[in-house]
Amino acid sequence: MEISNLGTKTVDISGYMIGDEETRGGGEGMFAFPQGTKLAPGQSITIAQSSLINKAKYRYTPDFELPPVEQYNPQDDPDVPNLLPTDWATGTIVMANGGDDVLLMDDKYNVLDYVPYIKDTTFNGKKVKAAKPLNNLGESLQRIKQTGDASVDFYSLFPSPGTWSDKEPEEPDFGPSDSLIITEVMNDPLFDESTGEFVEITNISDKAIDISGYLIGDEETKGGSEGMHAFPPGTIIQPYQPIVVARYADGIVERHQTKPDFEIFESMDDVPQMLPTKWATGSLYLANSGDHVILADPEARVIDAMVYGDAKFPQVTAHPGVAGGHTMERLTGEDTNDASKDFVDQPNPTPGGLLFGPDALVDKIPKSDLKDNVLIVKEPETGVVSPVTVIGCYQSGDVSALASSGVSSVFLIVGKNIDGQLIVSAGDRPLLADALDQLANKAIPILSIESKELVPAVDQLLTERSLTDVHIVSSNPEIVRAMRENNDEYRGAILDGVDELDLAKQKQLVKTVRASKSNVLILPYDRVNAEVARYFRLRGITVWAIEKAGTVQHHDLVSMGVRGIISAQPETVLSALAAYPTETLTQPPIVYAHRGIPSKKPENTMYSFQEAIDLGADIVETDIHKTKDGKLVLIHDFELERTTNGTGKVKDYTLAELRALVANKQDPENPDWYQPEITDARIPTLDELLEAAKGKAVLDLEAKSIGYEKEIIEAIEAHDMVEDVILCSFSSEVLNRFAALNPEVGLGYVLSGSKPETKKDQYAEKLVTDAIQLNAQYFLDQAILTPELARYAKHRGLPLGVYTVNENAQIEEALRTGVSGVVTDYAQRLLTAPIRVDAPQSSLELTAGEVKPLEAIIDYRVAEDQLAPARIRLIDNHDAAVEVAADGKSLIAKKAGTAKVQLSVEVPSGGKTWKMVTTVIEVKVN
């Protein structure tokens, strides 16, 4: 409690009384100020129930404390005087959370002030309005106004003991805790989320603490609808003992093979339940995008708070959040109230274990989340949306000069000299160590290794330099895989120079690239065309191409949609890119039909899937569950209610029981999608979709739980569709299991969350590295996507897909940012857009004086190709053999000679018009 002198004269308050007992002889408390206590003008005096607790909580020394009482003030503070007992009341002062009052009287029992709170009351025969309840845990009721009406005068604010102001006071730090702290939070458990959340707290003091009645939850406002739960009587936490509180104990046992100490909802008989409280009406349920966990004592005084994502809590800096299935785990026992520093991204949750203390799980400490030194390479100056990565191939001269020329990466062929030293096998044959030093902080090294014996030495050299931002290239998949197994942060690329690249060879290359743990395929120019680039792109593999020096092949490669050009003359590539007009689109987005096309047919049914296939969807996305009798079925939710006429969980039904349900129910969020005429929609099996899609569409299959990876792989193999499937999950463990069962299958890492507010380049590096370690492409919630992430991923050859993109503005933003694909409920809106523009011929002969209008072929997924008038751009006209007519669409032959031209056509995609370009046409004028 605090009293203040708002007058102009000093007041002697010796014998004045304060307490919560308004009736003489009552059982509450009323205590007197000692003789000699004076209150100067503007001075405030604070009275604490316990001075030592007050100091620990607010780091403030009160003026007085109440006499020792075992339950409330077990230890007297010798440095702070006690108030004196009086004959007015027999008890002590305990401010009831549900409502009470504070009475201030002079030494003659005259009432100076009376403040009830929460509950209106009657005092001295008059009705008195009460101050309103606290808004947040840890706040106090503070007088701001002086009307005499407590309901108007008092505000719920964070404590500012010892001062009074008629302005909203500064919020003090409630202080890092040195006793109980929150040590691990699982806010986004995978699979059935409601069963997997947990919070862990730990006693970091050297004494046991009785936490009976202590509160933990996510509701900071009294009476709020979130959760605040109490520990049962007799709960003792020993020094460095972690206590785990789960929503459902069985969910923690299933996921982490450890039993929590408490659960909120009953799922296991031998795990005690937390107790409900009057503070909040709901239950602990942590939001994925941001929330906070609050630990408080029985009086609702905050002991510790952990904040993440977009949530706010006074005096605590939020952690940015982590991927699904990861936890935020405290790294040390030091509490700074900065969750972004105190907690790390833990991909391997340790409920019941600590990363610090006498029994620290040192082997579970994850690598540092954010790297201090992140290489941001240059983007070419061009009108091309998300332009290609330009890679300089070292031939001779200064490596540093090549690195500073504007390229993003430098291609180095690794060899050995007669002294056994690693060298660059080109030009002056510089030492590889020197070359890497010259590339540092300028360009990404791409190391081509063709001898197995070089692997240990190259790995040692990179390790000595702590260099992981590097691509390892080889025509031998075993070399790439060996380097990746030495350090899973290295990226892999397969170099292939085959004479024929027919469909059978393409299929085999997909498997080879994946099995080598690579994400890039490098092909020579004459083995690449738009169809080849697109084939690999749909399967999560980035294509880079090698151009022949002294040619204009780079223009062809840009039009084909390759993502990287390796050139011995990168300055010509950069110069060529600078001439492209704005809004040039070289890679229309891959269209992922999300659960089929739910905006036209019932989601995740064969009606929806067939609609997507018939309209030419690039990839059909769906979700896999396992039934009670071990069958694989396709449905998104864990429960049946939203999309079928059934109830309960999918896993509790047999296939026959599920097939008896109608899977066509009106979605309240999208009522216009409902197709009432479809009365026989059923939950399909995975086999049905595999059979329907074979040879027609790539499949993106998300495992919705863990434990049936083998059955999924077996189904895909049985239908001979390994190269045409990408298996996805929010869980890195599930992806690792898929890879162990069949390393030739494609993997997709699904990630939800929000954008980082700061350190965007560092977070980009972290996310890209996470995916590279899993040998997976990304499927990101569009809320996560930043330009920094897209650029960082592009130059490392990592495809990014975003979900769920339904509006034209979102599609445009995704295209401009540089994603490879969009997951959408409205695939039909994008499937009518062209996939490329072709030149009708590779060469053209004209006669001097001839005027020739030129057309380009617009290629569609399903619709027939169309010829369209095209604008002409001169690429090479050193003979001055041709001119472009004033309309820009006709070529005028001027005199004998040769020229090279490129055509462009404006095409719609995602509600906007873009320019798409053809390969180069060689023109000969006779």
Side-chain angles (χ1 to χ4, degrees), residues 375 377 386-393 407-414 443-450 468-484 487-498 501 505-506 508-525 527-528 532-547 557-558 560-567 587 590 723 726 743-744 746-749 768-769 771-778 790-801 818-821:
L375 175 60
V377 298
S386 186
V388 296
T389 292
V390 180
I391 303 161
C393 184
V407 300
S408 66
S409 306
V410 172
F411 192 96
L412 303 172
I413 300 173
V414 180
I444 304 166
I446 299 178
L447 306 183
S448 177
I449 307 171
E450 292 300 331
T468 58
D469 187 8
V470 59
H471 246 102
I472 306 299
V473 176
S474 182
S475 61
N476 185 344
E478 293 182 10
I479 290 177
V480 177
R481 187 177 181 92
M483 287 293 292
R484 290 273 286 127
N487 191 318
D488 60 10
E489 291 190 24
Y490 301 154
R491 298 179 296 277
I494 295 298
L495 176 63
D496 194 279
V498 295
L501 200 55
K505 177 61 177 178
Q506 291 178 49
Q508 185 54 50
L509 272 177
V510 169
K511 296 177 180 179
T512 299
V513 172
R514 290 171 175 173
S516 70
K517 298 188 174 183
S518 296
N519 59 317
V520 171
L521 174 64
I522 300 176
L523 297 170
Y525 164 81
R527 296 295 177 265
V528 184
V532 167
R534 179 174 164 78
Y535 179 88
F536 290 107
R537 186 170 167 241
L538 292 181
R539 289 154 181 83
I541 296 171
T542 297
V543 174
W544 292 346
I546 305 171
E547 74 156 6
L557 296 173
V558 167
M560 293 173 189
V562 303
R563 293 306 279 156
I565 298 176
I566 302 172
S567 176
Q587 278 206 343
I590 297 170
E723 70 276 4
I726 300 167
E744 295 178 345
L747 301 177
Y749 193 21
V768 169
T769 299
I772 293 298
Q773 289 175 313
L774 292 168
N775 194 35
Q777 66 182 99
Y778 253 132
R791 286 194 295 268
Y792 194 93
K794 179 186 70 173
H795 292 300
R796 277 80 182 171
L798 179 69
L800 299 180
V819 302
S820 59

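Since the model is a prediction, treat every value here as computed from it, not as a measurement.
In this view, Glu744 and Lys511, Ala515, Val722, Asn742 satisfy the side-chain contact (heavy atoms from CB on, under 4.5 Å) rule, not counting sequence neighbours. For Tyr525, the side-chain hydrogen bond (donor to acceptor under 3.5 Å, both in side chains) criterion is met by Asp556, not counting sequence neighbours. The side-chain contact (heavy atoms from CB on, under 4.5 Å) search around Asn775 returns Arg484, Lys517, not counting sequence neighbours. The salt bridge (Lys or Arg N to Asp or Glu O under 4.0 Å) check on Arg791 picks up nothing, with sequence neighbours excluded. Under the salt bridge (Lys or Arg N to Asp or Glu O under 4.0 Å) criterion, Arg563 pairs with no residue, sequence neighbours left out. Partners of Tyr749 under the side-chain hydrogen bond (donor to acceptor under 3.5 Å, both in side chains) rule, at least two apart in sequence or in another chain, are His326. Listed by chain and residue number, Asp459 satisfy the side-chain hydrogen bond (donor to acceptor under 3.5 Å, both in side chains) test with Tyr490 (two or more places apart in sequence, or in another chain). The side-chain contact (heavy atoms from CB on, under 4.5 Å) search around Ala482 returns Val455, not counting sequence neighbours. Scored by the side-chain hydrogen bond (donor to acceptor under 3.5 Å, both in side chains) test, Gln773 finds Asp488 as partners (sequence neighbours excluded). The salt bridge (Lys or Arg N to Asp or Glu O under 4.0 Å) check on Arg534 picks up Asp618, with sequence neighbours excluded. Applying the salt bridge (Lys or Arg N to Asp or Glu O under 4.0 Å) rule to Lys794 yields the partners Glu379; only residues at least two apart in sequence or on another chain are considered. Every residue two or more places apart in sequence or in another chain was checked for a ring pair (Phe, Tyr, Trp, His ring centres under 6.0 Å) with His795, and none qualifies.
The shortest non-hydrogen separation linking Leu523 to Asp496 is CD2-O, 3.4 Å. Contact between Gly748 and Ile726 at its shortest, heavy atoms only, is N-CG2, 3.8 Å. Minimum heavy-atom separation, Lys505 to Leu501: CG-CD1, 3.5 Å. Across Ile494 and Ser518, no two heavy atoms sit closer than the pair CG1-OG, 3.8 Å. Scanning all heavy atoms of the two residues, the minimum distance from Ser820 to Gly801 falls at OG-N, 4.1 Å. Closest heavy-atom contact between Val528 and Ala545: CG2-CB, 4.0 Å.
Rounded to the nearest 0.5 angstrom, Ile472 CD1 and Met483 CE are separated by 3.5 Å. The CD1 atom of Ile566 lies 6.5 Å from the CH2 atom of Trp544; values are rounded to the nearest 0.5 Å. We find the CD1-OG distance between Ile449 and Ser474 to be 7.5 Å, quoted to the nearest 0.5 Å. Arg537 CZ to Gln777 CD: the interatomic distance, rounded to the nearest 0.5 Å, is 11.0 Å. To the nearest 0.5 Å, atoms CD1 (Ile413) and SG (Cys393) are separated by 5.5 Å.
Both cation-pi conditions hold for Arg539 and Tyr535: the charged atom is under 6.0 angstrom from the six-membered ring centre and inside a 45 degree cone around its axis.
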(request) Starting from the C-alpha separation in whole Å, work towards a yes-or-no answer on side chain to side chain contact (heavy atoms under 4.5 Å, CB included) for Leu798 and Thr542. (result) CA-CA 7 Å; Leu798 179 69; Thr542 297; over 6 Å; no

(request) With side chain to side chain contact (heavy atoms under 4.5 Å, CB included) as the test, would you mind laying out the steps for Leu538 and Ile590 before giving the verdict? (result) CA-CA 7 Å; Leu538 292 181; Ile590 297 170; 3.7 Å; yes

(message) Assess the residue pair Leu447 and Val470 against the criterion (side chain to side chain contact (heavy atoms under 4.5 Å, CB included)); give the C-alpha distance rounded to whole Å, side-chain angles, the decisive distance to 0.1 Å, and a yes or no.
(response) CA-CA 7 Å; Leu447 306 183; Val470 59; 3.9 Å; yes

(message) Let's go through Ile541 and Val510 carefully: what are the C-alpha distance in whole Å and the side-chain angles of both, what is the deciding distance for side chain to side chain contact (heavy atoms under 4.5 Å, CB included) to 0.1 Å, and is it a yes or a no?
(response) CA-CA 8 Å; Ile541 296 171; Val510 169; 4.1 Å; yes

(request) Take Glu547 and Ser567 through the side-chain hydrogen bond (donor to acceptor under 3.5 Å, both in side chains) test and state the conclusion after the steps. (result) CA-CA 6 Å; Glu547 74 156 6; Ser567 176; 2.7 Å; yes

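Side-chain polar atoms of Ser475 and Glu450 form a donor-acceptor pair below 3.5 angstrom.
Between Leu747 and Leu774, the closest side-chain pair of non-hydrogen atoms is not below 4.5 Å. Proximity of Pro799 to Tyr778: side-chain heavy atoms (C-beta onward) are nowhere separated by under 4.5 Å. Counting only heavy atoms from C-beta outward, the side chains of Leu495 and Ile546 approach each other to under 4.5 Å. Residues Leu557 and Val388 fail the side-chain proximity criterion, which asks for heavy atoms closer than 4.5 Å.
The neighbour count for Gln508 CD, taken as heavy atoms of other residues, nucleotides or ligands under 6.0 Å away, is above 12.
With Ile522 as reference, Val473 is the one residue of Ile391, Val473, Val543, Val562 to meet the side chain to side chain contact (heavy atoms under 4.5 Å, CB included) rule.
Looking at Ser408, its side chain does come within 3.5 Å of a backbone N or O of Val390 through a donor-acceptor pair. Looking at Arg796, its side chain never comes within 3.5 Å of a backbone N or O of Ile772 through a donor-acceptor pair.
Salt bridge present: Asp469 and Arg491 bring a charged side-chain N and a carboxylate O closer than 4.0 Å.
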